[in-house]
Amino acid sequence: MTAVRPSSPVLLGMPALPTSPRGTGHLRGDESFPDAARRSLTDTQLRRNLGKATRTIRGKRAAVVAELPDWEALREAGRQLKVHTMAHLPDYLVQLEEAVTARGGVVHWARDAEEANRIVVDLVRAAGADEVVKVKSMATQEIALNEALEAAGIAAFETDLAELIVQLGHDKPSHILVPAIHRNRAEIREIFLREMADVDPELSDEPAALAAAARRHLRRKFLSAKVAVSGANFAVAETGTLAVVESEGNGRMCLTLPETLITVMGIEKLVPRAQDLEVFLQLLPRSSTGERMNPYTSMWTGVTPGDGPQAFHLVLLDNGRTAVLSDAQGRDALNCIRCSACLNVCPVYERAGGHAYGSVYPGPIGAILSPQLTGIEDNASLPYASSLCGACYDVCPVKIDIPSILVHLRAEHTETYAAEHRVPSAEATAMAAAAWVMRNPTRWTLALRSGRLGRVLGRRRGVIGEVPLPVASQWTATRDLSRPPQQTFRDWWAAEHASAAPEPDGPGADGPGADGSEGAP
Amino acid sequence: MRIALFITCLADALFPDVGRATVTVLERLGHTVEFPRDQTCCGQMHVNTGYQEQALPLVQRFADTFAPYDAVVAPSGSCVGSVRHQHAVVAERFGSPLLQQQVASVAARTHELSELLVDVLGVTDVGAYFPHRVTYHPTCHSLRMLRVGDKPLRLLQAVQAIDLVELPGAEECCGFGGTFALKNVDTSSAMLADKMRHVSSTGAEICTAGDSSCLMHIGGGLSRLRAGAKTVHLAQILAATRERPMVLAPGGQEADVHAGPTAVA
Ligand code: SF4
């Protein structure tokens with residue numbers, strides 16, 4: 001199932017690296033992006049919630065970024081640190097393992113979602129617990145850990161407010177940072193009234209009241225849970241230190257109160273040295289919440305006798321990441337620090353919403369990361385879910401060139417398809433035909449002239465309205481098409497310069513076109 | 001300086017007036033423009049849709065055709081963006097080392113119209129006259145791939161009698177994106193709807209830009225809605241003068257330029 005990666009020298013002659021297994025986790029949608037988007041586009045409430053939230057956060061980010069005169073230098077530092085780390089990932093991972101072990105932690109290596117879930121379930125059982133509290137974590141969403149725990153009879157309680165809203169709403173997250181961005185206050189109040197046994201029936205939809213209700217609801221869990229599960233924003237290879245960055249302080253409760261702490265972390269979250277955090281702790285909050293600094297930054301290293309959790313386990317998750325790393329053109333997707341800035345500026349995300357991407361990683365980063373983690377054929381529509389406007393690249397704090405990776409993955413998709421199917425797709429046939437015409441100026445000139453046949457359409461208004469033909473109908477569903485002009489540019493030029501140059505229809509052979517002087521007056 | 005016009009396949013077939021206007025402006029400034037007839041297409045559509053190998057002969061043709069010129073100008077930010085950023089990718093994957101060299105050399109001499117005028121030729125006032133209310137949409141590839149900045153706006157500000165009004169949400173994508181407009185027609189149309197709302201809110205008669213493709217999309221939407229405003233390429237506004245004004249044709253989404261280039265003697 002692993003994609004052929006013709007542009008990646010790493011894989012030549014080597015066994016294909018495993019991608020995330022089918023059937024486990026949340027990296028694949030049930031339908032293609034255009035189909036899913038079509039549905040969410042009709043949801044007026046969703047459109048309003050999203051438009052408002054992304055516009056607000058976009059403005060905040062722009063303002064705090066503008067405050068830093070060295071922002072571009074910081075971005076470049078972040079990019080270089082990430083590129084360097086990825087180039088030496090195996091070494092740094094071993095260093096991390098040694099450092100964590102030396103400080104009394106236990107490191108587990110999980111090849112994929114199934115292995116990671118099994119490791120966590122076994123650890124929770126070994127701790128004698130049947131419930132866990134959780135810090136918001138993309139990695140555990142990715143592997144569907146909550147579902148795996150539930151299947152094993154273990155209850156998982158999300159403690160991040162937005163994550164709690166998603167969990168209580170039996171919903172899926174739709175944003176990296178604000179998983180419940182698609183919900184407004186009134187909807188959240190409804191969910192709380194319905195799902196929280198201990199909630200005040202007079203609950204208002206003021207944000208402070210909602211947060212207080214959630215806090216009361218969670219307090220009991222914090223005090224009783226013996227095991228916590230977290231993700232990690234960063235891991236420092238040199239010291240074995242893990243870091244979680246958050247706004248509410250609920251994460252810190254999870255990280256300090258329980259007896260056992262289990263951290264599930266993608267293998268790409270490494271930084272080499274503690275000092276490197278100075279770069280990322282500036283880049284991340286400004287890019288994500290539009291704040292100068294996030295309210296809570298928690299760091300822990302192994303275990304400290306008599307203080308905090310007395311057992312610490314670190315699960316290092318691959319789940320397709322090594323496959324991403326093997327692709328020289330696509331691997332920068334692993335540099336992502338999950339700030340969500342690219343989602344908040346993306347015009348496609350803003351309209352279609354996060355669920356349309358079918359993966360826990362929505363928006364521009366999801367469009368390049370998900371297909372790489374799963375293999376391109378399982379998420380083939382995602383690289384096309386972009387107009388390539390480039391806004392994501394401009395805001396990315398680690399300068400991931402998302403548009404170029406999208407284009408690269410599109411090529412991987414068509415080339416994988418061609419390698420695996422004897423009959424080319426209709427699109428491939430059309431593209432080949434177009435290229436055949438366009439590689440030769442004579443054929444091109446003739447094709448342009450025949451295009452003027454389109455003038456029989458649109459005689460009344462001067463434009464072409466709805467045309468019930470494939471492709472044309474997609475264009476003309478919402479847009480008129482210009483009526484082709486009487487004369488193409490090249491024919492006009494030839495007529496205008498008739499005395500100085502020969503008629504354009506020379507011999508029609510392929511081949512490098514000539515001396516370039518043709519057509520000069 | 002030998003300036004070659006790269007018309008782009010779309011303008012050649014559907015918007016020849018844009019090419020004529022480009023020639024008009026440059027000739028009015030005293031330059032001779034050549035049109036190498038061996039040109040066809042930059043291959044952007046192929047690369048952006050995932051058919052990089054199909055683009056190779058087009059990349060080769062572009063490099064061969066335009067090699068002899070000091071400067072290449074195209075009235076399209078996205079096609080120039082393709083030449084500057086994508087040709088190297090295609091050449092590196094499928095082409096010879098020689099082609100890679102040719103591509104780099106030609107790309108460095110290929111300019112979008114506002115870049116050529118402002119950066120290379122050093123003019124912002126091209127002597128144009130355009131007594132209409134106009135709003136400018138900076139297309140994504142001009143803005144973020146080429147970084148043309150405010151060059152098109154400076155050119156427009158120098159146009160006599162123009163009533164230039166700011167477009168709200170100007171830097172947001174109009175939703176064209178090549179085959180995106182076909183593959184994700186619903187999302188594309190939703191983006192277009194917001195762009196049209198913003199254009200209409202300015203009360204402008206004309207929405208202009210440096211790319212025929214985005215204008216085809218925006219203009220097609222405005223026309224379908226009978227929104228009143230039309231789209232006109234930046235080159236056409238710059239080509240219009242008091243003596244040869246542009247006549248805004250009824251009906252069609254792009255107005256016709258009746259200010260053709262002065263006949264070459
Ligand atoms: S790709 Fe860049 S902008 Fe998007 S979430 Fe990751 S770090 Fe942030």
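Letters A, B, ... mirror the listed sequences (proteins, then strands); counts begin at 1.
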**Complete:** Most heavy-atom pairs under 4.5 Å with chain B, out of A/Glu350, A/His413, A/Glu427, belong to A/Glu427
**For chain B, the option from A/Gly390, A/Ser386, A/Ala477, A/Ala37 that forms the most heavy-atom pairs under 4.5 Å** = A/Ser386
**Asked** Where does B/Phe94 contact chain A at under 4.5 Å (heavy atoms): side chain, backbone, both or neither?
**Response** side chain
**Prompt:** Mind checking whether B/Phe35 and A/Trp493 have parallel, tilted or perpendicular rings, split at 30° and 60°?
**Reply:** tilted
**Fill in**
Smallest heavy-atom separation, A/Pro383 atom then A/Ala380 atom, equals CD-O, 3.4 Å
**Item:** Side-chain donor-acceptor pair present, A/Asp327, A/His408, cut-off under 3.5 Å
**Value:** yes
**Note: A/Arg351-B/Asp194 ion pair, threshold 4.0 Å (strictly below)** = yes
**Item:** Student check: side-chain heavy atoms of B/Met216 and B/Leu14 closer than 4.5 Å
**Value:** yes
**Asked** Quick one: do B/Glu112 and B/Arg147 make a salt bridge, cutoff under 4.0 Å?
**Response** no
**SB check A/Arg58 B/Glu172 (cutoff 4.0 Å)** = yes
**Item:** Region of B/Ile7 in contact with chain A, defined by heavy-atom distances below 4.5 Å
**Value:** side chain
**Prompt:** With under 30° as parallel and over 60° as perpendicular, where do the rings of B/Phe176 and B/His217 fit, or are they tilted in between?
**Reply:** tilted
**Item:** Presence of salt bridge, B/Arg20 and B/Glu27, under 4.0 angstrom
**Value:** no
**Fill in**
Max heavy-atom pairs within cutoff under 4.5 Å with chain B, candidates A/Asp394, A/Val407, A/Thr476, goes to A/Asp394
**Asked** Where does A/Leu41 contact chain B at under 4.5 Å (heavy atoms): side chain, backbone, both or neither?
**Response** side chain
**Fill in**
Within residues 49-58 of chain B, the residues sitting under 4.5 Å from chain A by heavy atom, in sequence order, are B/Thr49, B/Gly50, B/Tyr51, B/Gln52, B/Gln54, B/Pro57, B/Leu58
**Item:** Region of A/Ala418 that comes under 4.5 Å of a non-hydrogen atom in chain B
**Value:** neither
**N-O pairing of A/Arg38 and B/Asp186 below 4.0 Å** = yes
**Message:** Testing the basics here: between A/Val348 and A/Phe33, what is the closest heavy-atom pair and its distance to 0.1 Å?
**Reply:** CG1-CZ, 3.7 Å
**Asked** Of all of B/Ser78, B/Ala181, B/Ala67, B/Ala11, which one pairs up most often with chain A through heavy atoms under 4.5 Å apart?
**Response** B/Ala181
**Proximity breakdown for A/Thr42 and chain B, heavy-atom pairs closer than 4.5 Å** = neither
**Prompt:** If you tally heavy-atom pairs under 4.5 Å against chain A, which of B/Glu171, B/His141, B/Arg144, B/Lys183 wins?
**Reply:** B/Arg144
**Message:** What part of B/Gln39 gets within 4.5 angstrom of chain A, counting heavy atoms only: side chain, backbone, both, or neither?
**Reply:** both
**Item:** Which atom of B/Thr231 lies closest to which atom of B/Leu215, heavy atoms considered
**Value:** OG1-O, 3.4 Å
**Message:** Shorter than 4.5 Å, heavy atoms on both sides: which option in B/Leu143, B/Thr139, B/Val185, B/Leu182 has the most such pairs with chain A?
**Reply:** B/Leu182
**Message:** Distance check, rounded to the nearest 0.5 Å: A/Trp444 atom CH2 versus A/Trp436 atom CH2?
**Reply:** 13.5 Å
**Asked** Of the listed residues (A/Ala391, A/Ala352, A/Ser404), which shares the most heavy-atom pairs with chain B below a 4.5 Å separation?
**Response** A/Ala391
**Prompt:** Relative to the ring of A/Trp492, is the ring of A/Phe489 parallel (under 30°), tilted (30 to 60°) or perpendicular (over 60°)?
**Reply:** tilted
**Message:** At a 4.5 Å cut-off on heavy atoms, which part of A/Ala356 comes close to chain B: side chain, backbone, both, or neither?
**Reply:** neither
**Item:** Region of B/Leu225 that comes under 4.5 Å of a non-hydrogen atom in chain A
**Value:** neither
**Message:** Using heavy-atom distances under 4.5 Å, tell me whether B/Cys174 contacts chain A through its side chain, its backbone, both, or neither.
**Reply:** neither
